[in-house]
**Student:** 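Please find one structure pasted underneath; my questions will follow.
Residue numbering restarts at 1 for every chain, and letters A, B, ... go by the order of the sequence lines. Basis for what follows: all heavy atoms, side chains included, without hydrogens, waters or symmetry-related copies.
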Number of protein chains: 2
Amino acid sequence: MPPIKVKSAEVATSPKRQHKADARVAAAPHAAAKPRAQTRIQREKQDVILEAALDVFSMHGFRGATIDQIAEVAGMSKPNLLYYFPRKEEIHRRLMSALLETWLAPLRAMNADGDPFPEIRSYIRRKLEMARDYPRESRLFANEMLQGAPRIIEMIEVDLKNLVDEKAKVLLGWMDQGKLARTDPYHLIFSIWATTQHYADFDVQVRAVLGPGRGGEGRFEDAARYLEGLFLHGLTPRGIGKGA
Amino acid sequence: MPPIKVKSAEVATSPKRQHKADARVAAAPHAAAKPRAQTRIQREKQDVILEAALDVFSMHGFRGATIDQIAEVAGMSKPNLLYYFPRKEEIHRRLMSALLETWLAPLRAMNADGDPFPEIRSYIRRKLEMARDYPRESRLFANEMLQGAPRIIEMIEVDLKNLVDEKAKVLLGWMDQGKLARTDPYHLIFSIWATTQHYADFDVQVRAVLGPGRGGEGRFEDAARYLEGLFLHGLTPRGIGKGA
DNA sequence: CAGAATTTTGACCAGTTGGAAAAATGTTAG
DNA sequence: CTAACATTTTTCCAACTGGTCAAAATTCTG
């Protein structure tokens, strides 16, 4: 844990009078002075900025994204943007921490008391919906991974790992009960992540390969149907008279 | 998993002569049709540069990568590098076109005259080996996809689409013969891409989640075993002890 | 409405970026 | 050996980068 940058608003008594807003904007653990609630404008502008930043970071990664570009998409000047988020890293950090919560929710929802197939099927559906409805978030995450996850490695190693360990046990439990094929629970989870996120991260490719005919909105329905069949029975043909 | 060994530098090596030096020669007064073959140094340095560029581009994407950084990794000065590749784009283009060839080879190798399961199984293995042995190439590709594939969209829409269309027909043929579960051949191919490339593109995550114990080299073996089971039978339990 | 606080702007800065030019240094064929 | 070519280094540049700052404009609040 290197003594990295200065955390915003960590010291109550700033020696120099900062006209920056970060002292009240950032979530301080226990600000000594008066935190002074956020104004309406602060909330709105921060949302606009984060929205724009999501666009840019998810396409170009952290280094490839520029503050100017984010500011332009957000419809404001660079110094104005920097008034709300004094550092580029800060914007990215906010996006990432918000993302991780949303991202893990579907796996968290997998219920040990349920039956494996409804649970897994529902998990796949949820992940697929997220790929459809939040493709930028998926790409933001993918971009971070491709770079070696420098800014979220800790959360991956702790929070994510713990969650997956827990759910792997659930899966193993189902396998012990003979309700689920005995296989590697970790790689099972990986395969669900991979197959669903693919439709967000490689969207261009999916569209291009499916062509104008089948590359429309229906592709997510098709994907859901296919994946259900794959995870349920694999590719082995089963008698005639297929069930609906 | 049988190891396949090819020097990674060779992946990006394709015969092309169009750089500054040659341009000068071609622009000379007596420029007939004498492109003047590449020298030993040219070949070597270009390989070194492409190798370094693969490192940098695959981590940071096109915009996030800098010529300075590539030059540093390649162990030469920036102007020296620019002597061999006069533009940043040129390096990237060379990497991408070389990559696409290698990338599609495994799918090309899927033989219509074979039986579906050995063919598919072998395709999965090959793709998994590529994820293991050429993770940077995989990430380079993923990075380009995340950005909307601006520099290779044509190749995707033409070459890749044609290849997939062709192989989709092969899969449909197998399904008609009852040798393969009737399902969507396009999404079938997507799922193989997704599950295998995941181990290169999300390597950090895979390692972190598996932990120090199972995150070692063995993870590719485990993945191969798991994926085989998944694509063959899905997750439905078979055999003894099926009681609920 | 006045005064205080907040928000926005424009000018600016030092470091980095992709790249050009040319001089200096190798290498090699005749 | 030497001229012709190939390679490398040095110097330079304009545009862009993340970020600062003070002043101006605007929005609260009593």
**Student:** According to a strict under-4.0 Å criterion, is Asn80(A) in side-chain N/O contact with OP1 or OP2 of dT9(C)?
**Tutor:**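 Yes, such a contact exists.
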
**Student:** Is there any protein nitrogen or oxygen under 3.5 Å from a nitrogen or oxygen in nucleotides 26-30 of chain D, and what are the pairs?
**Tutor:**
unit_1, atom_1, unit_2, atom_2, d
dC28(D), OP2, Arg40(A), NH2, 3.2

**Student:** Taking only residues two or more places apart in sequence, or in another chain, which ones meet Glu51(A) in a salt bridge (charged side-chain N to carboxylate O under 4.0 Å, His left out)?
**Tutor:**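 Result, salt bridge (charged side-chain N to carboxylate O under 4.0 Å, His left out) vs Glu51(A): Arg136(A).
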
**Student:** Given 3.5 Å as the limit, does a donor-acceptor pair link the side chain of Lys127(B) with the main chain of Ile192(B), or not?
**Tutor:**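 Here the side-chain-to-backbone pair does not exist.
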
**Student:** Closest heavy-atom contact between Thr196(A) and Ile124(A)?
**Tutor:**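 Between these two residues, the closest heavy atoms are CG2-O, 3.9 Å.
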
**Student:** Can a side-chain donor-acceptor contact be found between Gln46(B) and Arg94(B) if the only test is distance below 3.5 angstrom?
**Tutor:**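 Note: Arg94(B) and Gln46(B) side chains meet the donor-acceptor criterion.
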
**Student:** Please tell me if Gln42(A) has a side-chain N or O lying less than 4.0 Å from either OP1 or OP2 of dT6(C).
**Tutor:**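 No, no such contact exists.
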
**Student:** Would you indicate which nucleotide in dG18(D), dT7(C), dG18(C) comes nearest to any side-chain atom of Lys88(B)?
**Tutor:**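 In terms of side-chain proximity for Lys88(B), the closest of dG18(D), dT7(C), dG18(C) is dG18(C).
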
**Student:** Could you work out which one of dA20(C), dT20(D), dT8(D) sits closest to the side chain of Leu82(A)?
**Tutor:**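 Selected nucleotide (nearest to the side chain): dT20(D).
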
**Student:** Check DNA chain C against residues 56-77 of chain A and give the residues with a non-hydrogen atom under 4.0 Å, in numerical order.
**Tutor:**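 Per residue number, the list reads Ser77(A).
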
**Student:** Considering just the side-chain nitrogens and oxygens of Arg87(A), establish if one lies under 4.0 Å of OP1 or OP2 belonging to dG19(D).
**Tutor:**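 It does, given that an N or O in the side chain of Arg87(A) lies less than 4.0 Å from OP1 or OP2 of dG19(D).
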
**Student:** Hey, is Asp184(A) close enough to Arg219(B) for a salt bridge, meaning N to O under 4.0 Å?
**Tutor:**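 No, this pair does not count.
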
**Student:** Measure across Asn143(A) and Ser58(A) and return the closest heavy-atom pair with its distance rounded to 0.1 Å.
**Tutor:**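 Distance-wise, the nearest heavy atoms are ND2-O, 3.0 Å.
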
**Student:** Have a look at Lys78(A) and say if it touches a base, only the backbone sugar-phosphate, or nothing, with a 4.0 Å heavy-atom cut-off.
**Tutor:**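 Touches a base.
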
**Student:** So that I can tick it off, tell me whether Arg126(B) and Glu129(B) are bridged by a salt bridge, with the cut-off set at under 4.0 angstrom between side-chain N and carboxylate O.
**Tutor:**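 Here Glu129(B) does not pair with Arg126(B) in a salt bridge, since their nearest N and O are not under 4.0 Å apart.
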
**Student:** Taking the side chain as C-beta and beyond, is there a heavy-atom pair between Tyr84(B) and Ile91(B) under 4.5 Å?
**Tutor:**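 No. Closest side-chain heavy atoms not under 4.5 Å.
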
